[in-house]
Protein chains: 2
Amino acid sequence: MYTKKIEEDLNCGLRIGFKIFGGKWKMCILDAINNGFTRPAEIYRSMPDATLRVIEMQLAELLYFGVVDKYSEDVYPKKTEYRLTNLGKSILPILSQIDKWGTEHSAFVKERLQELDEVQ
Amino acid sequence: MYTKKIEEDLNCGLRIGFKIFGGKWKMCILDAINNGFTRPAEIYRSMPDATLRVIEMQLAELLYFGVVDKYSEDVYPKKTEYRLTNLGKSILPILSQIDKWGTEHSAFVKERLQELDEVQ
DNA sequence: GCAATAACCGATAAAAGATTCGGTATTCAT
DNA sequence: ATGAATACCGAATCTTTTATCGGTTATTGC
């Protein structure tokens, strides 16, 4: 994590929300955890487009902001589980709403993106 | 707009949603339009932390993805209005949910951010 | 004519964010 | 003891996004 050079206005709920779960993979990670993929390696396997490193980094931020909790057991295979806190769970409805919206409009969006590709 | 070098998986509704309204200012702009600030200069005055340039750029993207429509009148003062399309309006419930979430948890988030600042 | 306002665009700089790569440490199975 | 799996972390690098700046065009009021 690092501090930004340009200070942010966090007077707007929208900006705060994005601050917490607006990263490229954060929502996907929360979704994965919610679907039972609670360990880093599991999350990674469930979304191989992200690297393990980025998953670790985002988990660290989610942990910092109290969205997830971390439980480590010293057994083999080394077991670390990340679970949603109540704060994390409170994000789930938003998550599913965005997912629903995106799924509903995916055809349209993809069409537009394809146009862009054809131009370049 | 530019094409990415790293290809995106848009199989996930979440990613699609973020693609369309996940920019730093996009949701704020949609919110501003919804609150009656329909012209670029008005939007800018309603959220001076963003530059006019970035508002223009984001409006162009929102226009491209059919989230807003653009209406120009050749009168003085030069009048351009951006209005939400049905697609744009369909985002509003998500918007207000995120805003509500962010507002509810703003104290907690700010506290955490302050901690980070103190360290550095 | 000149300042002010509006909309907008291109180029480039800067910042933010993500990726890559190599490393540590642990434990188990062979 | 070697290899595989897990969880991490640091640093450099690259990509993406946002900011800055200067410019254009057009119209009105002075």
* Asked: Which of the following nucleotides, D:dA19, C:dA7, D:dA7, is nearest to the side chain of B:Thr51?
  -> D:dA19

When you compare the side chain of [Y] with that of [X], does any pair of heavy atoms fall below 4.5 Å?
X       : Y       : result
A:Arg83 : A:Tyr71 : yes
B:Leu59 : B:Leu63 : no
B:Asp99 : B:Asp31 : no

Would you be so kind as to tabulate the donor-acceptor pairs closer than 3.5 Å made by side chains of residues 44-54 of chain B, with sequence neighbours excluded?
residue, atom, partner, partner atom, Å
B:Ser46, OG, B:Ile43, O, 2.8
B:Thr51, OG1, B:Val54, N, 3.2

To the nearest Å, give me how far apart [atom1] ([X]) and [atom2] ([N]) are.
X       : N      : atom1 : atom2 : result
B:Glu61 : D:dT16 : CD    : P     : 13 Å
A:Leu52 : D:dC8  : CG    : P     : 9 Å
A:Lys79 : D:dC8  : NZ    : P     : 14 Å
B:Asp49 : D:dA19 : CG    : P     : 9 Å
A:Lys19 : C:dG17 : NZ    : P     : 6 Å
A:Tyr44 : D:dA5  : OH    : C1'   : 13 Å
B:Ile20 : D:dT17 : CD1   : P     : 12 Å
A:Glu42 : D:dA5  : CD    : P     : 15 Å

* To do: Determine the contact category for B:Tyr82: base if any of its heavy atoms lies under 4.0 Å from a base atom, sugar-phosphate if only primed atoms, P, OP1 or OP2 are that close, otherwise nothing.
  => sugar-phosphate

* Reckon B:Glu81 touches a base, only the sugar-phosphate, or nothing at all at heavy-atom distances under 4.0 Å? -> nothing

Looking at [N], I'd like to know if its phosphate oxygens (OP1 or OP2) sit under 4.0 Å from a side-chain N or O belonging to [X].
X       : N      : answer
B:Arg39 : C:dA6  : no
A:Arg45 : D:dT6  : yes
A:Thr80 : D:dT6  : no
B:Gln58 : D:dT18 : yes

* Does B:Arg39 make a cation-pi contact with B:Tyr82, if we ask for NZ or CZ under 6.0 Å from the ring centre and within 45° of the axis? -> no

Could you list the donor-acceptor pairs under 3.5 angstrom formed by side chains in residues 89-96 of chain A, with sequence neighbours left out?
residue, atom, partner, partner atom, Å
A:Ser90, OG, A:Leu87, O, 2.5
A:Ser90, OG, B:Trp101, NE1, 2.8
A:Ser96, OG, A:Pro93, O, 3.1

* Excluding sequence neighbours, so at least two apart, what forms side chain to side chain donor-acceptor pair (under 3.5 Å) with A:Ser106? -> none

Acceptor/donor pairs from residues 12-29 of chain B side chains to any protein atom, 3.5 angstrom cut, sequence neighbours excluded:
residue, atom, partner, partner atom, Å
B:Arg15, NH1, B:Asp9, OD1, 3.0
B:Lys19, NZ, B:Glu8, OE1, 3.2
B:Lys26, NZ, B:Glu61, OE1, 3.1

* Residue-level proximity of residues 22-36 of chain B to DNA chain C when a heavy atom falls under 4.0 Å -> none

* **Donor-acceptor contact below 3.5 Å, side chain B:Thr85 vs main chain B:Val67** => yes

* Check against side chain to side chain contact (heavy atoms under 4.5 Å, CB included), A:Leu84 and A:Asp69 -> CA-CA 6 Å; A:Leu84 299 175; A:Asp69 269 339; over 6 Å; no

Pull out every protein N or O sitting under 3.5 Å from an N or O of nucleotides 9-13 of chain D, one pair per line with the distance.
residue, atom, partner, partner atom, Å
D:dG10, N7, A:Arg53, NH2, 2.6
D:dG10, O6, A:Arg53, NE, 2.7

